Protein chains: 4
Amino acid sequence: MPVISAERMQGRIDAIVEAASAVFAAKGYEAASIAEIARRAEVSDGLIYRYFSNKRDLLYRVLEAFYERVVAALEKEVAKDAGFEERLHALVRRHLGNFVADRELCRLFLSEVRVASDYKGSTIQTLNRRYASVLTGLIEAGIAAGEVKTDASARLIRDVIFGAIEHIAWPYVNGDGKLDVEATAQSVTALICGGICLPQQKNPEEAPRT
Amino acid sequence: MPVISAERMQGRIDAIVEAASAVFAAKGYEAASIAEIARRAEVSDGLIYRYFSNKRDLLYRVLEAFYERVVAALEKEVAKDAGFEERLHALVRRHLGNFVADRELCRLFLSEVRVASDYKGSTIQTLNRRYASVLTGLIEAGIAAGEVKTDASARLIRDVIFGAIEHIAWPYVNGDGKLDVEATAQSVTALICGGICLPQQKNPEEAPRT
Amino acid sequence: MPVISAERMQGRIDAIVEAASAVFAAKGYEAASIAEIARRAEVSDGLIYRYFSNKRDLLYRVLEAFYERVVAALEKEVAKDAGFEERLHALVRRHLGNFVADRELCRLFLSEVRVASDYKGSTIQTLNRRYASVLTGLIEAGIAAGEVKTDASARLIRDVIFGAIEHIAWPYVNGDGKLDVEATAQSVTALICGGICLPQQKNPEEAPRT
Amino acid sequence: MPVISAERMQGRIDAIVEAASAVFAAKGYEAASIAEIARRAEVSDGLIYRYFSNKRDLLYRVLEAFYERVVAALEKEVAKDAGFEERLHALVRRHLGNFVADRELCRLFLSEVRVASDYKGSTIQTLNRRYASVLTGLIEAGIAAGEVKTDASARLIRDVIFGAIEHIAWPYVNGDGKLDVEATAQSVTALICGGICLPQQKNPEEAPRT
DNA sequence: TATGAATGAGCCTTCATTCAT
DNA sequence: AATGAATGAAGGCTCATTCAT
């Protein structure tokens, strides 16, 4: 008996998280209502409070579930043996891909959680760090292998990469156009690796004339 | 009489925008209340609705005012005659500086507006484009002057630069640490210009022949 | 214009207090709902919160209004020049009379406020003290005039008198019988003044025999 | 088997009543929740409804248990052979002592039950009457023995005594000071027995003739 | 133009009680 | 007998917005 009950219970919890995921994603945290989530999960309002301590807790559980999935995928993707640039390319592609595949949850995260005062110390933050550490690790490995310059800290490099990707993906996340993941990943990786400046002759007038 | 009245009116509008700016920045859009803004502007609740069609409109006007100031400053900053890298450095420094000087309004913008469905076509978006076009223009000038590579589009480069800066600035915007603008601007500019990868010998066995 | 508005406003406030008075008295604090009070006052729910900070505040204002009326009446009643017993009798009659005239508000006060943790320091407590001090003053005057014994403190005497009256009145306050105020006041006053014990011969066997 | 079951059942019931007693006493009726009581009794929520028809019923059973204990103690205390004043003194002391020993349950009773509309006809009322009849009996015995005046009814005297004690004890019941039971019992008994007024010369000018 | 009283829908949350297991 | 998941009604309170003055 407890087994059936436990399964049923888990089913309800999943239904709630799923419904909340959809409603939060579609309307944003503030505009979403517990009543709507309950209706969508085919559950009473009250039941939500048996499993989640409040609306905000529910949001966080939704994002945790999402993040867990995404972190695992990234770790798996980048784990493969390969050179730095190739692995970076895989990471960029996957990261961009996440914005395409889960644009609404990404938007939810970026707009509701990052800003939140209760973000620090949350499980979400831990997952976020794990996600980020995949790239940091990759960069450090690249440095160790002599593939990456040592002018800048791994952390700075990581911020540049993630920041760039997010900024590029944003219009697609927020709007409705399509993002060519493959092409963009290619360009971004190349750009990041090679920089944007051509070597300059510092003193042109002193340069060798023919 | 009508003159005085018009001046008075403008004064009221300014007071409202200023008050709203402070309250929105301090509390965020949802948590801010019209009543508090009115109180702060020493104006009745109702009057706000004579000049602004609703709460959201007021938010937008606040951000417009902010953006106008910021865009003008950026355009002035980067206008100076100089080489690409120097001008880029100035832009990066200024952009980072904005996050430091107006972190709360920046946070407001990033969390409330970018996500909004009514963002497209708004005056804000126009200002945002103008802000972005400063960098695009700079890059194009760099390309024209042969200082910047032509592998990637100016738009992509621009996204990488802005994205990187925002990502780096974010923890400081949201938290309470201090950001060393000068040092960060230096590193970021260098990183962006030079890339992160060391030149690799593609085919070691086919290496330099005598 | 502000005059009309202010009058109208005061009228609303009075209506709310009156409605709240009736509903609280009839149902008790917990069972009373803001919605019902609003309906009864022909006012919207929200308006109540313009004038009263919360439900509890409304309760206190109701009881303050009641208490102010009652305190003033008592002070006036007992103020008359007369001997101690006569004045005490007037006070007892008036106090009993209050329980009869406003039994529901008395019940409300006794059940909801006296127990409350926020009672101390409230305006209600101040009024309560003022009410009590009428009797304390009367007793002290009686002592000063040599009409009252000095075996017990004025405070103790006061507690005995108020406690006795409340206990006697309670069944009528809570139930639906009628209380004969005049007769009861007479008996209580006599009892309090004269005590209940007959003088006893301590050692009857040693007493003078005829 | 059925015996064990019956014992177990009684144990559960006792545990529930005990838990409810603690929770009601600590938080008051409204603020107490069935869930907390169940948790404390290490019993499921549902089980409570097998033995008690609803929350209010549980409250009444708690107070019955309390009252039974208290009534028995009072009857025993006052049963001893002694003169009226001595026995009254014992009763007063015991009654005051109850407020000190069980102040929270006393408060619960005074605030939740006395006011209740379903009080009449309840077992509680019966117990209350039994409690009161101890004093009534004592007074009647005093009257029969010629120790007590016959000016007032036993019932009135009883109300004065109980009312006085409750009123004196209340601040200690509700607040956190300490009550000196011995001293207070002494003063109250003396006051009640002897009254508060000094004999007055009705017509001073017509005073003692030779 | 300016006020601010008034509205009322809507929200999160609690909890006594029930009932399938 | 016992559980505890589930219900669902109810309630206090907020606040953007309107409109009579």
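Model, not experiment: these values are computed from the prediction.
Nearer to the 5' terminus of DNA chain E, by closest-nucleotide assignment, is the contact made by B:G46 (compared with the other of B:G46 and C:I48). Comparing A:V43 and B:N54, the nucleotide of DNA chain F nearest to each residue sits closer to the 5' end for A:V43.
Closest approach to the B:L47 side chain among F:dT7, E:dT3, E:dT17 is made by E:dT3 (side chain taken as heavy atoms from C-beta onward). The listed nucleotides are F:dA6, F:dA1, E:dT13; the one nearest the side chain of A:S44 is F:dA6. Candidate nucleotides E:dT17, F:dA16, E:dA2 were compared by shortest atom distance to the side chain of B:K55, and F:dA16 ranks first. Side-chain proximity of A:R12 to F:dT7, E:dT17, E:dA2: nearest is F:dT7.
Considering only heavy atoms from C-beta on, C:Y51 comes within 4.5 Å of C:M9 through its side chain. Looking only at side-chain heavy atoms (C-beta outward), D:F24 and D:L105 stay at 4.5 Å or farther from each other.
Among the atoms of the strands shown, none is found under 4.0 Å from any heavy atom of A:F52.
One can place CD of C:E42 at 13 Å from P of E:dG8, the figure rounded to the nearest angstrom. If you take CZ of C:R50 and P of F:dC13, they are 16 Å apart, rounded to a whole angstrom. The nearest whole Å value for the distance from the CE atom in C:M9 to the C1' atom in F:dA20 is 16 Å. One atom, CD1 of A:I13, and another, C1' of F:dG4, lie 13 Å apart when rounded to the nearest Å. The distance from atom OH of B:Y49 to atom P of F:dC15 is 12 Å, rounded to the nearest whole Å. Put simply, CZ on C:R8 is 16 Å from P on E:dG4, counting in whole angstrom units. Atom CG in B:D45 sits about 10 Å away from atom C1' in F:dC15, given to the nearest Å.
Looking only at distances, a side-chain donor or acceptor of B:K55 sits under 3.5 Å from a matching main-chain atom of B:A32. Here the side chain of C:Y29 pairs a donor or acceptor atom with the backbone of C:R56 at under 3.5 angstrom. In this structure a side-chain-to-backbone donor-acceptor pair under 3.5 Å is present from B:Q125 to B:G121.
Here D:R56 does not reach the OP1 or OP2 of E:dA16: none of its side-chain N or O atoms lies under 4.0 Å away. The side chain of C:Y51 places an N or O atom within less than 4.0 Å of a non-bridging phosphate oxygen (OP1 or OP2) of E:dA6.
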request  = Begin with the C-alpha distance, continue with both residues' side-chain angles, and end with the deciding distance and a verdict on side-chain hydrogen bond (donor to acceptor under 3.5 Å, both in side chains) for C:R107 and C:N174.
outcome  = CA-CA 7 Å; C:R107 188 169 60 187; C:N174 205 33; 3.2 Å; yes
From CA spacing to verdict: side-chain contact (heavy atoms from CB on, under 4.5 Å), D:F66, D:C106 = CA-CA 9 Å; D:F66 166 59; D:C106 288; 4.1 Å; yes
inquiry  = With side-chain contact (heavy atoms from CB on, under 4.5 Å) as the criterion, how do B:D14 and B:Q10 come out once you've worked through the C-alpha distance, each side chain's angles and the decisive distance to 0.1 Å?
reply    = CA-CA 6 Å; B:D14 293 347; B:Q10 190 55 48; 2.9 Å; yes
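Within residues 19-40 of chain C, no residue approaches DNA chain E, by heavy-atom distance under 4.0 Å.
Of the candidates D:T123, D:N128, D:T126, D:N128 is the only one forming a side-chain hydrogen bond (donor to acceptor under 3.5 Å, both in side chains) with D:Y67.
An end-to-end axis angle of 10° holds for the helix from E:dA2-F:dT21 to E:dT21-F:dA2, taken from five base pairs per end and rounded to 10°.
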Please table the atom pairs, donor to acceptor, closer than 3.5 Å between any side-chain atom in residues 35-50 of chain A and protein atoms at least two apart or in another chain.
unit_1	atom_1	unit_2	atom_2	d
A:E36	OE1	A:K27	NZ	3.0
A:S44	OG	A:L47	N	3.4

